[in-house]
Amino acid sequence: MPLSPAARRIARTDGPAALNGILAGALAVAAAEFTAAFVRREATPLVTVGQSVIDRTPQGLKEFAIREFGTKDKLVLQLAIGAALLVFAAVIGVLARHRLWAGLAGIGILGVVTVAAAVSRPADQGPDVIPALIATAVGAAALTYLTRATATPRPATETASTATADPDAPPATPDSPSPTPPPYATPRRRTLLLGAAGAAALLAAVGRQLQNLRFDVSKSRDAVVLPVPAAPAPAPPAGTELAVPGLTPHTTPNADFYRIDTALVVPKIRAEDWKLRIHGMVDREIETDFAALTARPAIERDVTLACVSNPVGGPYIGNARWLGVRLADLLREAGVHPGADQLISRSSDGMTIGTPTAAVLDGRDAMLAFGMNGEPLPLRHGFPVRMIVPGLYGYVSACKWIVEIEATTFTDYDAYWVPRGWSAQAPIKTQSRIDTPKNMAKLPLGRIPIAGVAWAQHRGIAAVEVQIDDEPWQQAELAAQDTTDTWRQFVYHWDARPGPHRIRIRATDQTGATQTEEEVDVAPNGATGYHTIAVTVT
Ligand SMILES: Nc1nc2c(c(=O)[nH]1)N[C@H]1C(S)=C(S)[C@@H](COP(=O)(O)O)O[C@H]1N2
Ligand SMILES: [Mo]
């Protein structure tokens with residue numbers, strides 16, 4: 001298809017100009033990656049901007065992202081930011097070809113955005129702006145250089161005088177009255193662009209490598225020797241595990257444990273560098289480090305952790321054996337004031353989580369955990385130390401990468417999720433999930449096990465019932481109870497008749513309360529309703 005003259009001119013001029021912008025952008029990003037290796041890994045604009053987007057994302061959009069992309073929402077976000085940057089850089093390149101100052105203004109806007117992102121993070125650390133500033137300077141310099149070096153030379157008659165008299169003159173615009181513009185892509189230009197692309201790739205690769213060397217926590221984690229618990233978890237009674245194919249195992253392996261957090265990159269804290277400060281409304285501040293914490297008498301407990309964003313029937317729940325130190329002991333040592341009804345835990349990346357002090361002190365096994373299923377905490381699950389409080393949703397209890405606990409009040413402080421529309425206090429609601437059969441399954445005639453898990457942390461599960469279509473509710477068989485803080489498997493053996501069927505379940509906790517049939521969404525404090533599936537028996 002023949003191109004119109006205008007299209008040909010754009011292809012010959014704006015296309016290459018866009019490439020200038022993209023290369024300048026790539027060099028800027030690479031410079032930031034390199035600089036971040038000397039500041040903090042989390043200081044690259046790719047992370048600070050992404051993090052700011054996460055913190056500012058309206059709640060509805062965030063729920064949509066979690067629902068649609070699951071825990072891949074962060075990858076999707078990074079791809080979206082990358083795509084936006086690419087388009088913006090291309091536009092900047094084209095602008096610069098027409099008016100260099102306009103392109104530079106575009107770089108300036110990116111600079112302001114990245115600097116603002118670096119300083120506005122809750123974990124604001126002054127030096128975080130350095131990569132943003134360096135990226136802006138490199139972007140501006142690269143754009144200026146590439147735009148000038150690849151500008152269409154002026155027609156021969158003008159060259160001598162203007163070029164020497166005004167080296168800063170903007171390049172000829174595509175509207176220049178030049179009937180046959182000289183070819184834009186010259187061998188020199190090609191060398192220049194390849195050089196810029198190569199430099200960006202090298203700088204970014206070396207920067208990443210340096211980041212990995214400087215912030216390598218896997219070595220620190222490998223070196224951790226977990227203490228032998230003074231109070232080991234009581235051995236679960238026989239029969240906590242039912243033998244039904246497709247049923248969730250009682251203990252969730254670390255590799256399969258759900259991950260929910262706002263961290264775009266997993267915070268990297270070496271155990272040797274970790275410190276925790278307990279302060280606020282206390283008589284004596286406590287500061288401890290990893291060696292001191294793990295030298296205290298440790299407890300080991302099975303606790304089922306659940307996310308408030310878990311929809312009915314959803315996957316954001318897991319059960320692990322945690323090893324840690326009783327938080328109540330530390331709080332009593334600190335002399336927490338009776339009026340301090342809220343504990344704010346802060347993570348190294350600025351997350352704040354508010355937990356009722358009463359829940360930590362009421363005798364349940366609230367702990368600062370450093371072990372998970374016999375291993376040091378995995379990095380994604382909060383290495384080196386996190387909080388675990390049986391019975392409360394993760395966003396009000398389970399601070400990962402914890403570095404600070406402040407005793408305060410609910411009136412004085414709103415934790416991260418509270419102004420975002422979630423309840424300040426959120427005990428886990430009684431819930432149950434069918435793991436097998438799957439929704440929409442086609443099943444053979446005969447006896448079919450309907451099995452899953454039910455949970456009512458710290459109250460314990462007393463019963464699970466199953467209903468087929470509109471028939472009476474039937475008692476399911478319960479697995480033995482590990483503790484009231486863990487979920488409990490169940491199975492119901494169903495003599496399936498042919499045809500389409502609806503299956504629903506409901507659980508009753510050990511206070512006698514049955515979960516409500518009323519369907520409410522996850523916000524503001526956890527979903528309710530009966531997990532319901534449809535199957536066809538043939
Ligand atoms: N630092 C930090 N801790 C956090 C979060 C977070 O975003 N940042 N999310 C909380 C939420 S919402 C949940 S449900 C649990 C999830 O813990 P997991 O990822 O180990 O399953 O961590 C909690 N702790
Ligand atoms: Mo959560």
For Pro356 against Gln425, the heavy-atom pair lying closest together: CG-OE1, 3.5 Å

Val308 vs Trp417 side-chain heavy atoms within contact, under 4.5 Å: no

Spacing of CD1 belonging to Ile278 relative to CD belonging to Glu287, to within rounding of 0.5 Å: 10.5 Å

Heavy-atom check, side chain of His98 versus side chain of Asp14, under 4.5 Å: yes

Donor-acceptor contact present, side-chain Thr44 to main-chain Ala36, <3.5 Å: no

Any donor-acceptor pair under 3.5 Å from Gln51 side chain to Thr262 backbone: yes

Check: Val360 and Val336 side chains under 4.5 Å, non-hydrogen atoms: no

Spacing of CD belonging to Gln78 relative to CG belonging to Leu264, to within rounding of 0.5 Å: 4.0 Å

Leu327/Met367 under side chain to side chain contact (heavy atoms under 4.5 Å, CB included): CA gap, chis, key distance, verdict: CA-CA 5 Å; Leu327 186 51; Met367 60 169 120; 5.6 Å; no

Polar side-chain atom of Gln211 near backbone of Glu33 as donor-acceptor pair, under 3.5 Å: yes

Check ion pair Glu333-Arg284 (N to O, under 4.0 angstrom): no

Pairwise distance CG(Leu368) to CD1(Ile299) - rounded to 0.5 angstrom: 10.0 Å

Considering all heavy atoms, the nearest Pro315-Tyr258 contact: O-CB, 4.0 Å

Polar side-chain atom of Tyr395 near backbone of Tyr416 as donor-acceptor pair, under 3.5 Å: no

Any side-chain heavy-atom pair of Leu305 and Phe257 under 4.5 Å: yes

Heavy-atom side-chain proximity of Ile405 to Leu330 below 4.5 angstrom: no

Working for side chain to side chain contact (heavy atoms under 4.5 Å, CB included), residues Thr136 and Ile107: CA-CA 7 Å; Thr136 311; Ile107 298 257; 4.1 Å; yes

Within-4.5 Å side-chain heavy-atom neighbours: Leu377 and Arg386: yes

Arg321 side chain reached by Thr251 side chain, heavy atoms, under 4.5 Å: no

With Phe34 via ring-ring contact (aromatic ring centres under 6.0 Å, His included) - residues at least two apart: Phe38

Arg214 side-chain N/O to Ala37 backbone N/O, donor-acceptor pair under 3.5 Å: yes

Where Pro419 and Asp414 come nearest, the two heavy atoms and their spacing: CD-CB, 4.0 Å

Point-to-point distance, once rounded to the nearest 0.5 Å, from CG of Leu100 to OG1 of Thr147: 5.5 Å

Main-chain N/O of Thr304 paired with Gln457 side-chain donor or acceptor, under 3.5 Å: yes

Heavy atoms from other residues, nucleotides or ligands near CZ of Arg188 exceed 12 (cutoff 6.0 Å): no

Thr150 and Asn20: side chain donor to acceptor below 3.5 Å: yes

Expected output: side-chain Thr252 to main-chain Asn319 donor-acceptor under 3.5 Å: yes

Intermediate values then yes/no, side chain to side chain contact (heavy atoms under 4.5 Å, CB included), Thr357 and Phe410: CA-CA 10 Å; Thr357 313; Phe410 280 102; over 6 Å; no

Any donor-acceptor N/O pair, Arg189 side chain to Pro16 backbone, under 3.5 Å: yes

Leu276 CG to Met387 CE distance, which is reported to the nearest 0.5 Å: 10.0 Å

Closest non-hydrogen atom pair between Ala24 and Leu146, with its separation: N-CD1, 4.2 Å

Closest non-hydrogen atom pair, Gly106 against Phe88: O-CE2, 3.8 Å

Parallel, tilted or perpendicular: ring planes of Trp274 versus Phe290, cut at 30 and 60 degrees: perpendicular

Side-chain touch Ile428/Pro390, heavy atoms, less than 4.5 angstrom: no

For the student: nearest non-hydrogen atoms of Tyr393 and Asn525, plus distance: CE1-O, 3.4 Å

Salt-bridge contact Glu406-Arg346 (side-chain N to carboxylate O under 4.0 Å): yes

Residue pair Arg326, Arg301: steps toward the side chain to side chain contact (heavy atoms under 4.5 Å, CB included) verdict: CA-CA 11 Å; Arg326 224 178 247 292; Arg301 292 292 181 264; 3.8 Å; yes

Crowding at OH, Tyr413 (>12 non-hydrogen neighbours, <6.0 Å): yes

Expected output: side-chain Lys400 to main-chain Ser347 donor-acceptor under 3.5 Å: no

Under 3.5 Å donor-acceptor, Thr355 side chain and Val396 backbone: yes

OG1-CG distance between Thr35 and Leu203, expressed to the nearest 0.5 angstrom: 7.5 Å

